[in-house]
Amino acid sequence: MLSINKAADRDHLVIGLNGEVDASNSVELDEVIQQAISENVKKILVDGRELDYISSAGLGVFMSYLEDFQEKNVTFVIFGLNEKVLNVFHILGLDQLIRIRHTQKEAEQALYEA
């Protein structure tokens, strides 16, 4: 089960993930990110504090947008991942491709790093 919350915060969008991202619901995550890009959002934070699990399908959603983010000058940061979920990103080397921070404050600061 996954619930996704979106909230505009100053000059960025926060996408909150609650539950599990897997093949059955990764399309929902994809649609939220696609909508943000189509609305020309330039700074996106993903709040992973309530994310319990992410499958390869969920990871694939993030990976599928890396080129779009670069081309459209979108800053994308994930924060608050629990140790188990963070370890999945680390094992696959995705922490080298996606900015990941521990806290929301660190993630917000990362939005303004070059």
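Keep in mind that what you see is a predicted model, and the values were worked out from it rather than measured.
Rounding to the nearest 0.5 Å places CD1 of Ile54 at 11.5 Å from CG of Leu86. Once rounded to the nearest 0.5 Å, the distance linking CG of Asp95 with NE2 of His90 reads 6.0 Å. Rounding to the nearest 0.5 Å gives a distance of 11.5 Å between CD of Gln109 and CD of Gln104. One finds the CZ atom of Phe89 at 11.0 Å from the CG atom of Leu97 (value rounded to the nearest 0.5 Å). Summarising the geometry, atom NE2 belonging to His12 is positioned 6.5 Å from atom OH belonging to Tyr112; distances are rounded to the nearest 0.5 Å.
Annotation: side chain of Phe79 is not in contact with side chain of Ile100 (no heavy-atom distance under 4.5 Å). Inter-residue side-chain proximity for Ile78 and Arg99 is flagged as unmet; no heavy-atom pair is nearer than 4.5 Å. A heavy-atom distance below 4.5 Å is found between the side chains of Phe69 and Ile33. Side-chain contact check for Asp68 versus Val74: every heavy-atom pair is 4.5 Å or farther apart.
With sequence neighbours excluded, no residue satisfies side-chain hydrogen bond (donor to acceptor under 3.5 Å, both in side chains) with Asn73.
Among residues at least two apart or in separate chains, salt bridge (charged side-chain N to carboxylate O under 4.0 Å, His left out) pairs with a member in residues 8-18 are Arg10-Glu108. For the ring-ring contact (aromatic ring centres under 6.0 Å, His included) condition, the pairs that include at least one residue of residues 32-63, sequence neighbours left out, are Phe62-Phe76.
With hydrophobic clusters built from ILVMFWY side chains whose heavy atoms lie under 4.5 angstrom apart, Ile4 does not share a cluster with Val77. Clustering ILVMFWY residues whenever any of their side-chain heavy atoms sit less than 4.5 angstrom apart, transitively, puts Val27 in a cluster other than the one holding Met63. Hydrophobic cluster membership is shared by Val32 and Val41, with clusters built from Ile, Leu, Val, Met, Phe, Trp and Tyr side chains linked at under 4.5 angstrom. Cluster annotation: Val14 is connected to Leu111 through the hydrophobic network of ILVMFWY side chains, with a link wherever side-chain heavy atoms come within less than 4.5 Å. Note on Leu29: it clusters hydrophobically with Val85, by side-chain heavy-atom contacts below 4.5 Å among ILVMFWY residues.
Among all heavy-atom pairs drawn from Ala23 and Ala57, the shortest one is CA-CB, 3.7 Å. Minimum interatomic distance between Asp30 and Ser64 (heavy atoms only, all atoms of both residues): OD1-OG, 4.4 Å. For the pair Asp47 and Arg49, the tightest heavy-atom approach, listed with the atom from each and the gap, is OD2-NH2, 2.6 Å. Summarising the geometry of Val21 relative to Gly58, their closest heavy-atom pair is CG1-CA, 3.5 Å, with the distance given to 0.1 Å. When every heavy atom of Glu106 is checked against every heavy atom of His102, the shortest pair comes out as OE1-N, 3.1 Å. Contact between Ile44 and Ala36 at its shortest, heavy atoms only, is CD1-CB, 4.0 Å.
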Practice item. Run the numbers on Leu2 and Asn18 for side-chain contact (heavy atoms from CB on, under 4.5 Å), then give the verdict. Key: CA-CA 6 Å; Leu2 173 68; Asn18 189 321; 5.7 Å; no
Exercise for review: Dump the intermediate steps for side-chain contact (heavy atoms from CB on, under 4.5 Å) on Asn5 and Ile15, then the final yes or no.
Suggested key: CA-CA 6 Å; Asn5 304 302; Ile15 300 170; over 6 Å; no
Exercise for review: Could you please spell out the steps behind the side-chain contact (heavy atoms from CB on, under 4.5 Å) verdict for Leu17 and Glu50?
Suggested key: CA-CA 6 Å; Leu17 303 178; Glu50 299 297 323; over 6 Å; no
Review point. Can Leu51 and Asn82 be said to form a side-chain contact (heavy atoms from CB on, under 4.5 Å), step by step?
Key: CA-CA 8 Å; Leu51 181 62; Asn82 69 42; 6.0 Å; no
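In this structure a side-chain-to-backbone donor-acceptor pair under 3.5 Å is present from Asn25 to Glu20. Judged by distance alone, with hydrogens and angles left aside, the side-chain atoms of Lys42 form a donor-acceptor pair with the main-chain N or O of Lys72 at under 3.5 Å.
Between the side chains of Glu31 and Gln35, no donor-acceptor pair of N or O atoms lies under 3.5 Å.
Enclosure of atom CD in Gln70 is not indicated, since only 12 or fewer non-hydrogen atoms of other residues, nucleotides or ligands lie within 6.0 angstrom. Counted within 6.0 Å of CD on Glu83, heavy atoms from surrounding residues, nucleotides or ligands total 12 or fewer; the atom is thus considered open.
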